[in-house]
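What follows is a single structure, written as structure tokens, with notes after it.
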Amino acid sequence: MTEPETTAPDAPATLAELAGLCRQRAATYGLLSRLYRTEVDDDLLAELHGLRFPASTGNEAADAGYRLIAGYLSERHDNALVELAIDYAHVFIGHGVDSYSAAYPYESVYTSEKRLLMQAARDEVLAVYRSQGLDKQAGWKEAEDHVAAELEFMQIMAERTADALDRGDEDAAAALVAVQRNFLADHLASWVPVMTLDVRKFANTDLYRGLAALTDGLLAIDGAFLADAVADDADDAVVGD
Amino acid sequence: MTHDTSLDFTFDLPADAPAPNAAPLADLDGEGPGGVLADGEFGLPNPAAMPSLAYVEVDDRPAAERIDALLGQMAPHRAVLMAVLGRCRTPQPTDDLYAAITALQENHRSIYRPENLCVLLERAGALTLVDAEGRPCADDPAEPQVVVVDGMEYLEAPEPEPAFWLTTPEGAAVVDANDPAARLRDLLSQDERYLPVYHLILALCAREGGIGARDAGHAVDGHPLLQEPRFYATRFMDHLERAEAIAWEGTWQATDTGRACLAELTEAHGDPLA
């Protein structure tokens, strides 16, 4: 009779590994935020051409998004900046007056009854930003519930988490993770998947179609990660009682 | 005692009268007239009601017609476009051509980047993008490369293969048919009354350093022929520019076509600056 096989549990990630992971998350949120914020310019296009995109993340939507974006960048587009600027306007600005002519990148549009800007969602996210000592810059003329601002908030929180982990301040890191988890669940995950459906409807370039798929995938991946992280913290707290 | 019966208000409604201001209301259960809002608490858009937009890119007109239309629609850029077509009779590396167009546009600020102009010419059928072997680039789209770094697979966009812009036969035909001297002769023939004005402008532009727009106005606007009906130098300079007789190079300067015409006019009518 053989001894039953036992497998040692996965070794918990070190603080340094978690910090590195949070910095990767921050970089990813930063890239998404930039792609939604304004049109692609020379610098961003050059940066995109220099990036490596994961071939397999384990999430179908994220993989599809990376493939579409990498595919677009692999093709020859001598007029890429103009083509992408046209698509950006087509996707996010539109040309109609019926509030259904584009994928308007504002939470208020998707969570208010009449699809208006500057509704309750904007007030809520602004309160969250201010609770973390953040506010929009003077040069940013869009509402605070613009998807680029919400993604940048997650980027900043992820960077702060990495900094806290580097300092060894687990309590601060845990608090920041909770903020991110709640913000993702209460805000980003509640409306962005509907917006990305619209992005796919209006986009004519694979870059923006890929952005929609990538956003869905990464929010799902990060949502699962944050939920696990918060659950782990809760388990640790119970064990420590 | 009488009372005014012209205003037939009544507040005693018949039992079966519709309620005042009755309007069809959407059923609060969400099954309203149907349309833009889907069922649900937050009134999210109904995907089925989304407008479907057709993105039409196909232009099946002959290339000659498309090129003619493009040059007509982009008259201020005609000289640059024709210069591009002339240059690309031999395959031009893309970066070299864009640098050359940037130099051509030094005195012609434009929202059109060099790449825009080339793509517009391509869509009109005047230019085509080919690889080093002369094959159209569109026939061989590149795929992302898979690279392995630290055991993980990544997708990378490959470096683009060298590509060259080449003038198509239709584009070359437009260049061959371009006869600015003939257009200038037609202009002077059609506007014969103002021949002295054109002669004066050409002479001013042919001087070393050319002439600025304001100075041209001061020198020409007072000409007797321009008083009734009242015309200004800019009208005639615009015509001369479209005929490629003068060009803006920081100042208005006569082109070779303009100088040749000036020589003929001076021989026939004397020096207008004398």
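Lettering follows sequence order; numbering is per chain, from 1. It should be emphasised that the depicted structure is a prediction, and the values quoted were computed from it without experimental measurement.
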Report yes if the side chains of B/Leu155 and A/Arg67 come closer than 4.5 Å at any heavy-atom pair, otherwise no.
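The answer is yes; the side chains approach within 4.5 Å.
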Region of [X] that comes under 4.5 Å of a non-hydrogen atom in chain A:
| X | value |
| --- | --- |
| B/Glu143 | backbone |
| B/Val119 | side chain |
| B/Glu161 | backbone |

Taking it one step at a time, do B/Tyr154 and A/Leu51 satisfy side-chain contact (heavy atoms from CB on, under 4.5 Å)?
CA-CA 9 Å; B/Tyr154 294 91; A/Leu51 289 178; over 6 Å; no
Applying side-chain contact (heavy atoms from CB on, under 4.5 Å), run through A/Asp78 and B/Trp165 and close with a yes or a no.
CA-CA 11 Å; A/Asp78 278 61; B/Trp165 285 109; 4.2 Å; yes
Tell me, side chain or backbone of A/Arg76 under 4.5 Å from chain B's heavy atoms, or both, or neither?
side chain
With only heavy atoms counted, which part of A/Leu81 is less than 4.5 Å from chain B, the side chain, the backbone, both or neither?
side chain
Kindly give the heavy-atom pair with the smallest separation between B/Ala142 and A/Ser74, and that separation in Å.
CB-O, 3.3 Å
Return the minimal non-hydrogen interatomic distance between B/Glu115 and A/Asn79, and the atom names on each side.
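The pair with the smallest heavy-atom distance is C-OD1, 3.8 Å.
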For atom CZ of B/Arg183, is the number of surrounding heavy atoms from other residues, nucleotides or ligands below 6.0 Å larger than 12?
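More than 12 heavy atoms, drawn from other residues, nucleotides or ligands, come within 6.0 Å of this atom.
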Tell me if the CG atom of B/Asp256 is crowded by more than 12 foreign heavy atoms within 6.0 Å.
no
Anything in residues 22-34 of chain A with a heavy-atom distance to chain B below 4.5 Å? Please list those residues in order.
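Within residues 22-34 of chain A, near chain B: nothing under 4.5 Å.
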Using the side-chain hydrogen bond (donor to acceptor under 3.5 Å, both in side chains) criterion, which residues pair with B/Asp238? Sequence neighbours excluded.
B/Arg242
side-chain contact (heavy atoms from CB on, under 4.5 Å) partners for B/Ala79, two or more places apart:
none
Salt bridge between A/Asp42 and B/Arg113, side-chain N to carboxylate O under 4.0 Å?
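B/Arg113 and A/Asp42: salt-bridged.
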Sorted by chain and number, sequence neighbours left out, ring-ring contact (aromatic ring centres under 6.0 Å, His included) with A/Tyr129 holds for A/Phe153
